[in-house]
Undergrad: 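Shown below is the structure under consideration.
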Amino acid sequence: MAAKSSILTQSNQVRRAIVVGGGLGGLMTVIKLCEAGIPVDLLSLVPVKRSHSVCAQGGINASVNVKGEGDSPYTHFYETVKGGDFLANQPPCKGMADAAPGIVFMLDRMGVPFNRTPEGNLDFRRFGGTLFHRTAFAGATTGQQLLYALDEQVRRYETLDVEDDRGVTVPGEKMVRKFEFWDLAGLVLDDEGVCRGVVAQDLKNGEMRAFRGDAVCLATGGPGLVFGRSTNSVINTGSAAAIAYKQGAIYANGEFIQVHPTAIPAADKLRLISESVRGEGGRVWVPKDRKDRRHGKDIPEAERYYFLEDRYPKYRNLVPRDIASSEIFRTVIHEGYSAEGEQAAYLDVTHLCKTASGKSAVRKKLEGVLEIYEKFAGEDPYENPMKIFPAVHYSMGGLWVDFEKGADGSLKPGSARNQATSIPGLYATGESDYQFHGANRLGANSLLSCIYGGMVTGPAMAAWREAQPRSAFDLPSTLFDTEHKRRVDEYAALGSRSGADYSVNPYQLHEKLGEMMLQKVTVERHDAELDGVLASLQDMKAQWRKAAALDPTAKGTINQPTVFLRHLDGMLALAEVIARGAREREECRGAHYKPALDPELHPDDPKAVGRDDARWLKTTLATYDGEGPTLRYEAVDVSLEPLAKRDYGKVSAAKKPTGEADAQGPANT
Amino acid sequence: MATDTVTLKIKRGESGGASRWEEFRVPRKPMMNVISCLMEIQKHPVTADGRGTTPVNWESSCLEEVCGACTMVINGRVRQACSALVKDLSPKGEPITLEPMTKFPRERDLVVNRQRMFDALRTTRAWIEIDGSHQLGAGPKVSQDDQEVMYPLSRCMTCGCCVEACPNYNDRSDFMGPQVISLTRLYNMHPSGRMQAGARLDALMGAGGISDCGKAQNCVQVCPKGIPLTESISVMGRETIKRALFGWLLKG
Ligand SMILES: Cc1cc2nc3c(=O)[nH]c(=O)nc-3n(C[C@H](O)[C@H](O)[C@H](O)COP(=O)(O)OP(=O)(O)OC[C@H]3O[C@@H](n4cnc5c(N)ncnc54)[C@H](O)[C@@H]3O)c2cc1C
Ligand code: SF4
Ligand code: SF4
Ligand code: FES
């Protein structure tokens, strides 16, 4: 029986859609749903204005070609798929690059204070992986400004009334209801496996509640905390994606984890120094003398080894992230160079700051970024070269989502298949999906993919909702009660874990997990080590079952340690997906690098295949079998552009810096 | 005082309940900040005198002083815990005190409820009215000079430092605080935001608006983002006076 009203149930309940997560991806989805007239419940772990998207510093890509360089959306598309080592499906990437200029214009209309040219137009800068000025930016806190712009539009929808099909206001009902400080606990799936809602928990008082939704979207961000310390916000545990995976959603390309080349090493977090520093002329170097212990600023020009510039004369310091990361990693870890004897390299802007006008130009463009160094490392980056090392940054992998290809070979807008996960009725967008970045993401493409994803997800959810013969709001409540009870019981069991059987501190267990993943599953991957990681993960899962609730008597109030047990469970599940994917993939592609398979290191070994398109031009699909992941593979849609070698003009890895003080040749490991 | 450890005195308690102080000692590490100390306590929830206790509850997210979550009162001063470095707070091993903000209801330990700040953003219509997110071409041009004024204003992260320091912001007054006054200035400067300037000014002239500010200037001294709050207050003061005097003319 078709619903009487598409907005109201018989008992005048508003038929809402659900969006979990209020970063850029989630908020854009909410806006599109509201524009389609669909009221939304928006759930988020933190007030959406505090979502991880605030951290983005560098900017957002769009080929507007303001500098008359001949840039075009097609070039942007091509560089996106090339940067991703051809592992991304091409139609969605084409759709994204084509939509990018319009997205930046929309953000501008929303009031984002983008930097300007003298004529008052948007200014664009250069970022890694391209030779064009393609990145729009707002000071050094672009993500913050973008998130605030979308947050404001959503706040406006919080004040707008719901109208029924005849345009009559429904008293007391607003287009958006926010549930902030709520944590996803489970998905409500009906007998046919269709997602009909979620169960979530109010973190302020522990109350578990079932929400009905005529379409559900997860926009819950990345899983950086699986690696312990990363550049991510500390709420990025990936727990929501892990819950979906455990309830049957496919998780794709988990092994592709981007390591950012330049972060400040510290105990609580690895704080990113944005690529924009290199975009504006920052240079990466190490002292030529491996035993040099002098402070960076005391080392004369002639004694510095600018290894990226030497090895990549065309792109110089702006090679893509995976290349910069592995070059820095190799130079420091294997070749033994250091910064003041520490495992780090220098990122240097001091040469740009020699004159007052140069310094003020740098300040104007990079103040927010350099401020982070000053604030957290306690040194002035305008005077001192910054000490940096690579850090886990972004997950290209995520929940598998579908797309529909249009006649023009690009993504077909409005299709209910776009951004749909393998669970019908469940959508995913933002960093929690896997769609746009293949094996490696280009800088400033993520904010874009989050917003573009939201623009596509909203209409897709609307189309799905329209096509459903029955609304979630007309289903028997037993469906929701069952999942609700399951999650209430599960949480109660976690919360009562105390006594001698529960001897493990979950935060210590998380630290162990993070250290292991960071050391063995990031820049370089070795099969023997990955086997060890997979074995240890079984052990850690057993330890998780002994992990204690550290605050067992706190009921009806905030209880962070118990909620953390749920998130840790999710992190362990995703760690296994990541490590298994890495173990199985026998090639080097983008962020996934196995030195044993690198033909440059092993020119005479036929097994050292490098990128292996014949066997591995495939998306990894992980499904949960009740214990851990089962892997399958799916072909990549490369219908628009033929594969090419991903070449950034490297001269030779073995080239020695001229005039090196240390006579010993570079290590060849 | 030992310098290989950090001593923390933390004010704890439940919503509406009495407070208690607990003291902790954690190993000192390079580049440590208050959050890394709290993380250490999660791993070893034991007080300085060896009693087992529960981990402390607090809010945080970005750890880069850009999300505004981790505001608390540290050594008597309101600020973000993530950017409070141990080496500055306790150069010689002096104890560090942590307390929740006082202007908001406590939820638990160091977590308070700042919903009132988000509500104020709604009251003051803190957004630009756009016709829709579909394609409508490029946005309005903005001069570099205007952008340089607007960008710093847009960095307000609703952290609450300014209102914690403001003598006029408390549970007996409706005052919405200096941050919304400053944001109104931002939206009213924007070429299309300006078209609804009147409605925003009306909100600022209503209950809890700009007339509740006593110009004490405490706010601007504690804003971690260096937002020129008192400058915004005087700019908007002039704007509201203009509207009070001539607004009826404009309304026609
Ligand atoms: C330091 C840094 C700098 C960056 N700079 C750039 C840049 O310059 N350009 C660029 O393009 N990209 C950049 N990125 C990447 C980009 O910022 C992120 O990929 C992007 O912001 C992710 O947005 P999102 O909408 O997917 O999710 P997020 O912004 O991470 O939001 C996730 C949302 O989901 C909610 N949530 C999470 N889990 C749950 C749960 N269990 N229950 C309920 N709600 C939940 C959260 O509360 C939050 O609202 C950067 C990333 C970092 C770390
Ligand atoms: S000037 Fe004084 S009274 Fe006014 S908002 Fe600032 S601190 Fe409060
Ligand atoms: S104005 Fe400053 S102190 Fe006040 S909320 Fe905004 S950022 Fe915080
Ligand atoms: S955690 Fe975001 S401001 Fe401190």
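Numbers restart at 1 for each chain; the letters A, B, ... are given by sequence-line order, proteins then strands. Computed from heavy atoms alone, side chains included, the values below leave out hydrogens, waters and symmetry copies.
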Undergrad: In the structure I gave you, are the side-chain heavy atoms of His44(B) and Gln508(A) within less than 4.5 Å of one another anywhere?
TA: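 Side-chain contact under 4.5 Å: yes.
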
Undergrad: Sort Thr158(B) into side chain, backbone, both or neither according to what part of it lies under 4.5 angstrom from a heavy atom of chain A.
TA: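 Interface part for Thr158(B): both.
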
Undergrad: Which value, rounded to the nearest 0.5 Å, describes the distance between Arg116(A) atom CZ and Gln144(B) atom CD?
TA: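 That separation rounds to 10.0 Å.
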
Undergrad: Measuring heavy-atom distances to chain A, does Gln42(B) have an atom under 4.5 Å in its side chain, in its backbone, in both, or in neither?
TA: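 Both parts, backbone and side chain.
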
Undergrad: Relative to chain B, which segment of Thr553(A) carries a heavy atom at a distance below 4.5 Å: side chain, backbone, both, or neither?
TA: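 Looking at Thr553(A), nothing touches chain B.
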
Undergrad: Does any heavy atom of chain B fall under 4.5 Å from the side chain of Asn236(A), the backbone, both, or neither of them?
TA: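 Contact with chain B is absent: no heavy atom of Asn236(A) under 4.5 Å.
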
Undergrad: Side chain, backbone, both or neither: which part of Asn33(B) has an atom under 4.5 Å from a heavy atom of chain A?
TA: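 Just the side chain, heavy atoms under 4.5 Å.
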
Undergrad: Has Asp551(A) got a side-chain atom pairing as donor or acceptor with Thr54(B)'s backbone, closer than 3.5 angstrom?
TA: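 Such a contact is absent between Asp551(A) side chain and Thr54(B) backbone.
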
Undergrad: Please state whether the side chain, the backbone, both or neither of Glu148(B) comes within less than 4.5 Å of a heavy atom of chain A.
TA: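 Contact with chain A is through the side chain of Glu148(B) alone.
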
Undergrad: Name, in order of residue number, those residues of residues 110-131 of chain B that have a heavy atom at a distance of less than 4.5 Å from a heavy atom in chain A; otherwise write 'none'.
TA: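 Residues of residues 110-131 of chain B touching chain A at under 4.5 Å: Val111(B), Asn113(B), Arg114(B), Gln115(B), Phe118(B), Leu121(B), Arg122(B), Ala126(B), Trp127(B), Ile128(B), Glu129(B), Ile130(B), Asp131(B).
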
Undergrad: Measuring from Met455(A):CE to Ser133(B):OG, what's the distance to the nearest 0.5 Å?
TA: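 The distance works out to 4.5 Å.
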
Undergrad: Check for a donor-acceptor pair, side chain of Gln147(B) on one end and backbone N or O of Pro113(A) on the other, with a separation under 3.5 Å.
TA: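 Answer holds: yes.
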
Undergrad: So what's closer than 4.5 Å to chain B heavy atoms on Gln145(A): side chain, backbone, both or neither?
TA: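 When you check distances to chain B, only side chain atoms of Gln145(A) fall under 4.5 Å.
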
Undergrad: Under a 4.5 Å heavy-atom cut-off, does chain B meet the side chain of Ile372(A), its backbone, both or neither?
TA: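 Side chain of Ile372(A) only, per the 4.5 Å heavy-atom cut-off to chain B.
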
Undergrad: Looking at Ser192(B), is its backbone amide N or carbonyl O close enough to the side chain of Arg109(A) to form a donor-acceptor pair, meaning the two atoms are under 3.5 Å apart?
TA: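 Flag not set: sc Arg109(A) to bb Ser192(B) has no pair under 3.5 Å.
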
Undergrad: Sort Lys204(A) into side chain, backbone, both or neither according to what part of it lies under 4.5 angstrom from a heavy atom of chain B.
TA: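 The side chain, not the backbone.
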
Undergrad: Quick check for you: among Met28(A), Glu511(A), His52(A), which has the greatest number of heavy-atom pairs under 4.5 Å with chain B?
TA: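 It is Glu511(A).
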
Undergrad: Rounded to the nearest 0.5 Å, what's the gap from CE on Met110(A) to NE2 on His190(B)? Could you check?
TA: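 Here the rounded value is 11.0 Å.
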
Undergrad: Report yes if some heavy atom in the side chain of Tyr148(A) is under 4.5 Å from a heavy atom in the side chain of Arg155(B); otherwise report no.
TA: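 Side-chain contact under 4.5 Å: no.
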
Undergrad: Could you look at Met39(B) and say if it's the side chain, the backbone, both or neither that has a heavy atom under 4.5 Å from chain A?
TA: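 Only the side chain of Met39(B) comes within 4.5 Å of chain A.
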
Undergrad: What part of Thr117(A) is in contact with chain B, defined as an atom under 4.5 angstrom from a non-hydrogen atom: side chain, backbone, both or neither?
TA: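 Contact with chain B is through the backbone of Thr117(A) alone.
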
